[in-house]
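Written below as structure tokens is the structure these notes are about.
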Amino acid sequence: MQDRRRVMRGLDLSMSLNVAQQAAVRHRNGPLLVLAGAGTGKTRVITHRVAALLGEGVPAWRILAVTFTNKAAAEMRHRIEHLCSGEHDVSQLWVGTFHSICARILRRHGSVLGLSSRFTIYDPGDQSSVMGRILKELNVSDKMFTPRGVLGHIDRAKNRGLGPQDLDALSLVEPVRSVVRKAYERYQERLRAADAVDFGDLLMRTVELLRVAEQPKEGQDTELDPVRGFARRFLQVVVDEFQDTNPIQAELVDRLAGRADLCVVGDDDQSIYGWRGADVDHFLSFADRHRGAEIIRLEQNYRSTMNILRSADAVIRKNHRRLGKTLWSEAGDGERVRVLMLGTERDEARFIAREIRDAIDEGANGDEIAVFYRAHAQSRVLEDEIRRVGLACKIVGGIAFYERLEIKDILSYLAVLLNPHSDAHLLRILNRPTRGIGSSSQTKLVELAASRGVSLWTVLCDPSETGLSKAAARKISAFVAMIEELRERSSVLRADQIVLQVIQATGYREMLAADDSDEAADRLENLQELLGNVAEFIQEAPSGTLEEYLEVVSLTGGERTDGLVTASVSLMTVHSAKGLEFERVYLTGMEERVFPHARVLDSAVELEEERRLAYVALTRAKRDLTLTMAAKRRIYGQVQVGQPSRFLLDLPKDAIQTIARSIAAPPPASIPAPKAAPAREAWRDDIVYEPHEARTAPEDDASPDAIASEGVHPYVGMMVRHPTLGPAEVLGWSGEGTKVKLQLRFSTREVRTILARFVAPL
DNA sequence: ACATGTTCCCTTTTT
DNA sequence: GGGAACATGT
């Protein structure tokens, strides 16, 4: 029998949710897959479902909700709280990303695996520094094996739950396979000695922990009891963005869910993390792996106008590997989707900046406007131009604040205070500011630690055993004493006070103050900002510890929400746009080789992912969607002449408004470069467009004189012959006079840059 | 040790 | 065009 409150809540739900959504919210006692198209109220379903569970008396601490980003987690918790209106203790819910949840579990139970509760999380930079040293030790060609490359293999392995012994599954060729295996082994040894884990380990070691807990109980191993208890903890598990789950995450879900009710939500059309090991097949085969699973489809879109949905559908429809669904909306056709071609990436940025400026002047809210791009490298011009028209903008992701040298240094000090065995961090600060422990001493110390299988800190604590000179040993002792002193003090101080102490006591501030360059002043300012940041963190969570601060930084890469700027325009990659929505969206760089990216053009599978990426981008917009391309764009400093993205050509004619004739042309496989930017008549009068040098003097900067003087104009798609390398296709060019360089793609598909005078037209 | 210089490769996309 | 790792000179 249902109690009164449940009936009430049921009524409540039916008023605000559609039939399919209600079904998803109410489904119990069995696995559930919600196939939720873009904008169909996926988050609503999850939050209502969790709220309903709480209403039914499921204890908050027995509910787990996994989200894709930390931001989404915060948002979800907030919305659930709102729905419950204070009736339940939402803070007890387990809501977070896979990584943050795993970190939490490992901090609590990791001792079983030899991890302390204060283990350090290594970011890609830390990983590289460890791997760099290992590769040097292994004495392998640094051309063939870069830290990044080897870590890439290890990461792929970890995404599938493979340890060093299981690398065969990666089908690497020799000698890569054996080097990676060796490096992987050593890498794990180093992390163990450092009491550290990387992102992949957070997942893998948690799975390991849960596996261990499942082993039959023998004798007195009560040590595992808490873990066993934890493994049975959750009664209800919800996973958002399930289409982006990789194998290790999928296993994690199964283990955490145990016999709990499992509800996964996702959209196969929005699977955009294949490169990170995510496999849509987990999603598609969910019903096969979970007996009796029900599938609920959400197809009514509450976000966008039909013109936007039709455009998105036209793009995604071309994919083969999909379940297939059609979104519909009651929002009406709305404005047509605009497609514009501009002269250069600068024109593109200027145009967008000006339009946003106008919109905001007419009352639009900057928060509701976003500019998307395929890769971070495209963000700079956009940022420039948007700032130039006097608007604030926030760049989501990208080269973050926390990547800066001085910030990383101070954060390294903090990491060392919590865990001095963290070699990657210790090494970073050992001689910064300079304290006479130079590179040769460092090398010796590192080698010694490696040969003994202990952390660097262990070696430093006993400097007389290092074989270094008395003077060097004394300096090391002084350093150790300083760190110990700081650790002592930090145990009684607030996080922000500790940071201040570190900046001062280590001599870091002094070092910067003594330097009168502008750069040093900038750095000091950044440290000030860091202090402000920590203070802000403390303000939000008054009992927040240094550990927690560092955890937030390492897991979010420092998603900074600049509190001051409220109504700022968002700039981000399409990947980071997933899950978000905006009234007005600009999707930039809609050119072949930019979006879709050049790197995926010869992989059908990756092209499908690229198409899904485009689909994600288009479906973020509520009302206004503008797609832009540049006729010419600098890439790696080279002017490239762009062809319209294939995605532009897929858009339905009746849903879009094309504002440059050339885009309407069919996709030529190889065409001469446009002779000039689009003629003025092609532009609508009601579009504000700034004339630009690229249009007044269109060809000057792009016409290679050397070839021109022979009466030959290179163009994109032109075939030329190199005396030794053979025939090639021209992809772009740069430079002037005799130094014109062509970017050429040879029949081997290899792309090279070669001086124009070395080739002849074919 | 530091400052400037030089070369390289680079860019997908993120927790 | 640009950052970062190396290199060379003071």
Side-chain angles (χ1 to χ4, degrees), chain A residues 66-73 96-103 121-125 127-129 132 142-143 146-149 152 155 158-159 197-203 241 244-246 248-249 252 271-278 345-346 372-381 396-400 403-405 431-440 511 514-515 517 519 551-559 572-579 589 593-601 603 606 609-610 612-614 616-617 633-640 734-735 751 753:
Chain A
V66 183
T67 60
F68 198 73
T69 64
N70 292 287
K71 204 169 153 197
T97 61
F98 278 110
H99 293 85
S100 66
I101 284 162
C102 287
I121 300 171
Y122 274 9
D123 69 19
Q127 296 181 50
S128 286
S129 96
D142 54 359
K143 277 274 179 289
T146 62
R148 271 191 53 163
D155 196 52
K158 288 182 174 178
N159 282 337
V197 299
D198 62 19
F199 283 122
D201 284 343
L202 284 172
L203 308 175
E241 309 282 9
D244 287 320
T245 303
N246 62 36
I248 189 78
Q249 290 168 331
L252 199 56
S271 156
I272 55 175
Y273 285 88
W275 52 275
R276 206 170 76 182
E345 74 273 20
R346 175 89 31 206
F372 300 157
Y373 34 81
R374 175 70 234 282
H376 286 297
Q378 293 163 248
S379 70
R380 195 174 224 111
V381 221
V396 179
I399 309 103
E403 297 284 301
R404 290 178 203 168
L405 193 82
N431 200 34
R432 195 139 63 218
T434 320
R435 36 177 87 87
I437 309 173
S439 56
S440 60
M511 171 184 77
D515 185 337
S517 67
E519 212 188 349
E551 180 118 333
V552 169
V553 171
S554 52
L555 287 179
T556 62
E559 282 165 12
M572 67 189 87
T573 63
V574 181
H575 280 89
S576 349
K578 191 177 74 160
R593 309 183 67 79
V594 176
F595 195 10
H597 195 274
R599 300 262 307 224
V600 309
L601 288 184
S603 156
E606 289 178 87
E609 180 151 314
E610 209 73 359
R612 291 192 293 270
L613 197 54
V616 167
R633 176 183 301 274
R634 258 176 206 283
I635 297 174
Y636 310 141
Q638 292 207 75
V639 173
Q640 304 274 342
S734 66
V751 176
T753 304

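Just so it is clear: chains get the letters A, B, ... in the order the sequence lines come, proteins before strands, and each one is counted from 1. Just so you know, these numbers come straight off a predicted model, no measurement behind them.
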Protein and nucleotides 5-10 of chain C: nitrogen or oxygen contacts under 3.5 angstrom:
none

Need one value for [X]: base, sugar-phosphate or nothing, where a base atom within 4.0 Å counts as base even if backbone is also close, heavy atoms only.
X: A375(A); result: sugar-phosphate
X: R612(A); result: nothing
X: F98(A); result: nothing
X: S100(A); result: nothing
X: E606(A); result: base

From the set [options], return the single nucleotide nearest to any side-chain atom of [X].
X: F199(A); options: dG1(C), dT14(B), dT15(B); value: dT15(B)
X: T97(A); options: dT14(B), dA1(B), dT15(B); value: dT15(B)
X: Y273(A); options: dT15(B), dT14(B), dG1(C); value: dT14(B)
X: H575(A); options: dT11(B), dT14(B), dG1(C); value: dT14(B)
X: T434(A); options: dC2(B), dG3(C), dT13(B); value: dC2(B)

Taking atom [atom2] of [N] as reference, at what distance in whole Å does atom [atom1] of [X] sit?
X: Q638(A); N: dT11(B); atom1: CD; atom2: P; result: 16 Å
X: D123(A); N: dT15(B); atom1: CG; atom2: C1'; result: 12 Å
X: E241(A); N: dT15(B); atom1: CD; atom2: P; result: 12 Å
X: Q127(A); N: dT15(B); atom1: CD; atom2: P; result: 14 Å
X: R404(A); N: dA4(C); atom1: CZ; atom2: C1'; result: 17 Å
X: I635(A); N: dG1(C); atom1: CD1; atom2: C1'; result: 12 Å
X: E609(A); N: dT14(B); atom1: CD; atom2: C1'; result: 12 Å
X: I248(A); N: dT14(B); atom1: CD1; atom2: P; result: 22 Å

H597(A) vs E606(A), test: side-chain contact (heavy atoms from CB on, under 4.5 Å). Steps then yes/no. CA-CA 10 Å; H597(A) 195 274; E606(A) 289 178 87; over 6 Å; no
Return the orientation label for the H99(A) and F199(A) ring planes: parallel under 30°, perpendicular over 60°, tilted otherwise. perpendicular
I'd like to know if R634(A) and E345(A) make a salt bridge, using a cut-off of under 4.0 Å between side-chain N and carboxylate O. no
When you measure from the side-chain N and O atoms of T69(A) to the phosphate of dT15(B), is any distance below 4.0 Å, counting only OP1 and OP2? no
Between H376(A) and dT14(B), is there a side-chain N or O to OP1/OP2 distance below 4.0 Å? yes
Going from [atom1] on [X] to [atom2] on [Y], what distance comes out if it is rounded to the nearest 0.5 angstrom?
X: R148(A); Y: Q127(A); atom1: CZ; atom2: CD; result: 11.5 Å
X: L252(A); Y: N246(A); atom1: CG; atom2: CG; result: 9.5 Å
X: F98(A); Y: T245(A); atom1: CZ; atom2: OG1; result: 4.5 Å

Side-chain donor/acceptor of S379(A) to backbone N/O of H376(A), under 3.5 Å: yes
Working note: V616(A) + I272(A), criterion side-chain contact (heavy atoms from CB on, under 4.5 Å); need CA distance, chi angles, decisive distance, verdict. CA-CA 9 Å; V616(A) 167; I272(A) 55 175; 4.1 Å; yes
Along DNA chain B (nearest heavy atom to each residue), the more 5'-positioned of I437(A) and T573(A): I437(A)
Is a donor-acceptor pair below 3.5 Å formed from side chain R276(A) to base dT13(B), judging by atom type as modelled? no
For a salt bridge (charged side-chain N to carboxylate O under 4.0 Å, His left out) check, start with the C-alpha distance between D198(A) and K158(A), then their side-chain angles and the critical distance, and finish with the verdict. CA-CA 10 Å; D198(A) 62 19; K158(A) 288 182 174 178; 2.8 Å; yes
Stacking here means centres under 5.5 Å and planes under 30°; does F68(A) stack on dT15(B)? no
For side-chain contact (heavy atoms from CB on, under 4.5 Å), just list the numbers for D244(A) and F68(A), CA-CA rounded to whole Å, side-chain angles, deciding distance to a tenth of an Å, and then say yes or no. CA-CA 8 Å; D244(A) 287 320; F68(A) 198 73; 3.7 Å; yes
Tabulate atom names and distances for all N/O pairs under 3.5 angstrom spanning the protein and nucleotides 4-10 of chain B.
none

Quick one: list whatever passes ring-ring contact (aromatic ring centres under 6.0 Å, His included) with Y373(A), sequence neighbours left out. none
